[in-house]
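Reading through the structure tokens given below for one structure.
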Amino acid sequence: MGLTLFYTFCCLGSSALNDLFFKFFARKPRSRGLFVMTVGVVGMIFMTFLPDKFNGNWQLTLFWGVICGIFSAVGNILLIESMTSLSAGVCSTIYRLNLALVVPLSVLFFNEKLDWQQYCGVGLAILAVLAFLPSPDNGGKNVEKNSKSLLIPMIMIITASVFRAGLGLSCKYGPMVGASINGINFIIEVMWVISGAVYYLLKERKEFKIDRKLAGYGALSGVMVASILLFMMKALGTPGGDASIVLTIAQMSFILTFILSIIFLKEKVTCLKLAAIICGVGAMLLLSWH
């Protein structure tokens, strides 16, 4: 269980940093499609050196790699777009609400068993996420005064959360039926490149220009996305890597995102947010109970 928790918390840390990089990138009008392509290219470079990517049943590896890649790329595109209008705290916490889907579906599809400690941990985790939801930042556009202007980004981030749950469960199921873990990770990065290109051609069609900041944020996020995938698959592949526990703990990355946002984005600290942090820490302790 110790190795499972190590990989899980590494995944958590990578997710928190990636959310922060996404928010820094989304603060100014830049090409989302080119950014996602850059993230995918950097990730592919890392994944290229992984061994045994297509050993065994390559058809299953390709199939589940594409499925996981769609969940990952589309979910993150929606996350980035929602950050244009919503604060990093709102997007990060709603995105992590996918744990409310992951846990019951893990029990349903994988026949995983939860002790009372895990049930209490799930309850605290959901309370933490709900309590941590801050008010949307206006970004100078007063979007909080116009509920209609928030409808589309809210739908985007909720949909992104559903896609994130699909990614976690697919990454658990694919290797169970014979797909290569490293092969899935590589194909996911390929799907980021393809999805970014499709998004760029269909929605943006701007001048093809990758400036230093776009390339820098893309490189940083590329490393983080690759780390998230590698650590998540490693954690799920360990003997104690139940999806209901690993994926739930990993989603508590919003706690670290909150701390980083205070330091780098100067977000305010409130009693409700502190209560959310306490609930989140308690949830991780209970969920890691074995």
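The shortest side-chain heavy-atom distance between Val177 and Trp64 falls under the 4.5 Å cut-off. By the 4.5 Å heavy-atom criterion applied to side chains, Phe35 and Ser221 are counted as neighbours. Inter-residue side-chain proximity for Arg30 and Tyr217 is flagged as met; some heavy-atom pair is nearer than 4.5 Å. Residues Leu79 and Cys91 are in side-chain contact: their nearest non-hydrogen atoms beyond the backbone lie under 4.5 Å apart. Using a 4.5 Å heavy-atom threshold, the side chains of Val36 and Tyr199 count as separate. Inter-residue side-chain proximity for Met252 and Ile255 is flagged as met; some heavy-atom pair is nearer than 4.5 Å. Side-chain atoms of Met191 and Val74, non-hydrogen and from C-beta on, never get closer than 4.5 Å to each other.
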Return a table of donor-acceptor pairs under 3.5 angstrom between the side chains of residues 153-167 and protein atoms on other chains or two or more places apart.
from   : atom 1 : to     : atom 2 : distance (Å)
Thr159 : OG1    : Ile155 : O      : 2.7
Ser161 : OG     : Ile94  : O      : 3.2
Ser161 : OG     : Tyr95  : O      : 3.3
Ser161 : OG     : Asn98  : N      : 3.0

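Ser170 and Pro175 get closest at one heavy-atom pair: O-CD, 4.3 Å. Residues Gly40 and Val193 share a closest heavy-atom pair of C-CG2, 3.6 Å. Met232 and Gly168 make their closest contact through SD-CA, 4.4 Å (heavy atoms, listed as atom of the first residue, atom of the second, distance). Smallest separation of non-hydrogen atoms from Leu124 and Gly282: CD1-C, 3.9 Å. Across all their heavy atoms, Ile181 and Met233 have their closest contact at CG2-CB, 3.5 Å. Residues Ala88 and Lys23 share a closest heavy-atom pair of CB-CG, 3.7 Å.
Taken to the nearest 0.5 Å, the SG atom of Cys279 stands 11.0 Å off from the CG atom of Leu274. Rounded to the nearest 0.5 Å, atoms CD (Glu189) and CD1 (Ile194) are 12.0 Å apart. Of the inter-residue distances, the one linking Leu17 atom CG with Thr257 atom OG1 reads 8.0 Å to the nearest 0.5 angstrom. Between atom CE of residue Met224 and atom CZ of residue Phe231 there is a gap of 9.0 Å, rounded to the nearest 0.5 Å. Once rounded to the nearest 0.5 Å, the distance linking CG of Leu236 with CE of Met176 reads 10.5 Å. For the atom pair CG (Leu260) and CZ (Phe21), the distance works out to 8.5 Å, reported to the nearest 0.5 Å.
Counted by atom type alone, Thr84 and Arg32 present one or more donor-acceptor pairs between their side chains at under 3.5 Å. Looking only at atom types and distance, the side chain of Thr4 has a donor-acceptor partner in the side chain of Thr238 under 3.5 Å away.
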Does the pair Leu169 and Lys172 meet the rule for a side chain to side chain contact (heavy atoms under 4.5 Å, CB included), with working shown? CA-CA 5 Å; Leu169 294 172; Lys172 175 69 175 181; 5.6 Å; no
One pair to check against side chain to side chain contact (heavy atoms under 4.5 Å, CB included): Ile210 and Met37. What are the steps and the verdict? CA-CA 10 Å; Ile210 301 179; Met37 287 176 62; over 6 Å; no
Should Ile249 and Leu5 be marked as a side chain to side chain contact (heavy atoms under 4.5 Å, CB included) after you check the CA-CA gap, both sets of side-chain angles, and the distance that decides it? CA-CA 9 Å; Ile249 294 176; Leu5 291 178; 3.9 Å; yes
If you apply the rule side chain to side chain contact (heavy atoms under 4.5 Å, CB included), what do you find for Asn18 with Ser14, and how did you get there? CA-CA 6 Å; Asn18 195 50; Ser14 300; over 6 Å; no
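The main-chain N or O of Gly183 is never found under 3.5 Å from a side-chain atom of Thr61 such that the two would form a donor-acceptor pair. Between the side chain of Ser195 and the main chain of Trp192, no donor-acceptor pair closer than 3.5 Å is present. With hydrogens and angles ignored, the 3.5 Å screen pairs no side-chain donor or acceptor of Lys53 with any backbone N or O of Ser180. Asn182 places a side-chain N or O within 3.5 Å of a backbone atom of Pro51 that can act as its donor or acceptor partner. Asn76 contributes a side-chain N or O that, together with a main-chain N or O of Ser72, makes up a donor-acceptor pair within less than 3.5 Å. Of the possible polar contacts, one joining the Glu204 side chain to the Gly33 backbone as a donor-acceptor pair under 3.5 Å is found. Under the 3.5 Å distance criterion, the side-chain polar atoms of Ser261 are matched with a main-chain donor or acceptor of Phe258.
Both Phe254 and Ile262 are members of a single hydrophobic cluster when ILVMFWY side chains are connected at heavy-atom separations under 4.5 Å. Leu220 and Met83 fall within a single hydrophobic cluster, where Ile, Leu, Val, Met, Phe, Trp and Tyr are joined by side-chain heavy atoms under 4.5 Å apart, directly or via other members. Both Val198 and Ile70 belong to a common hydrophobic cluster when Ile, Leu, Val, Met, Phe, Trp and Tyr are linked at side-chain heavy-atom distances under 4.5 angstrom. In this structure, Tyr200 is a member of the same hydrophobic cluster as Val39, with clusters built from ILVMFWY side-chain heavy atoms closer than 4.5 Å. Leu78 is connected to Phe22 through a chain of hydrophobic side-chain contacts under 4.5 Å among Ile, Leu, Val, Met, Phe, Trp and Tyr, so both are in one cluster.
Counting heavy-atom neighbours within 6.0 Å of Tyr173 OH, excluding the residue itself, gives a total of 12 or less. The environment of CZ in Phe24 is crowded: more than 12 heavy-atom neighbours from other residues, nucleotides or ligands sit within 6.0 Å.
Judged as a ring-ring contact (aromatic ring centres under 6.0 Å, His included), and not counting sequence neighbours, Phe186 has no contacts. For Ile259, the side-chain contact (heavy atoms from CB on, under 4.5 Å) partners at least two apart in sequence or on another chain are Ile263.
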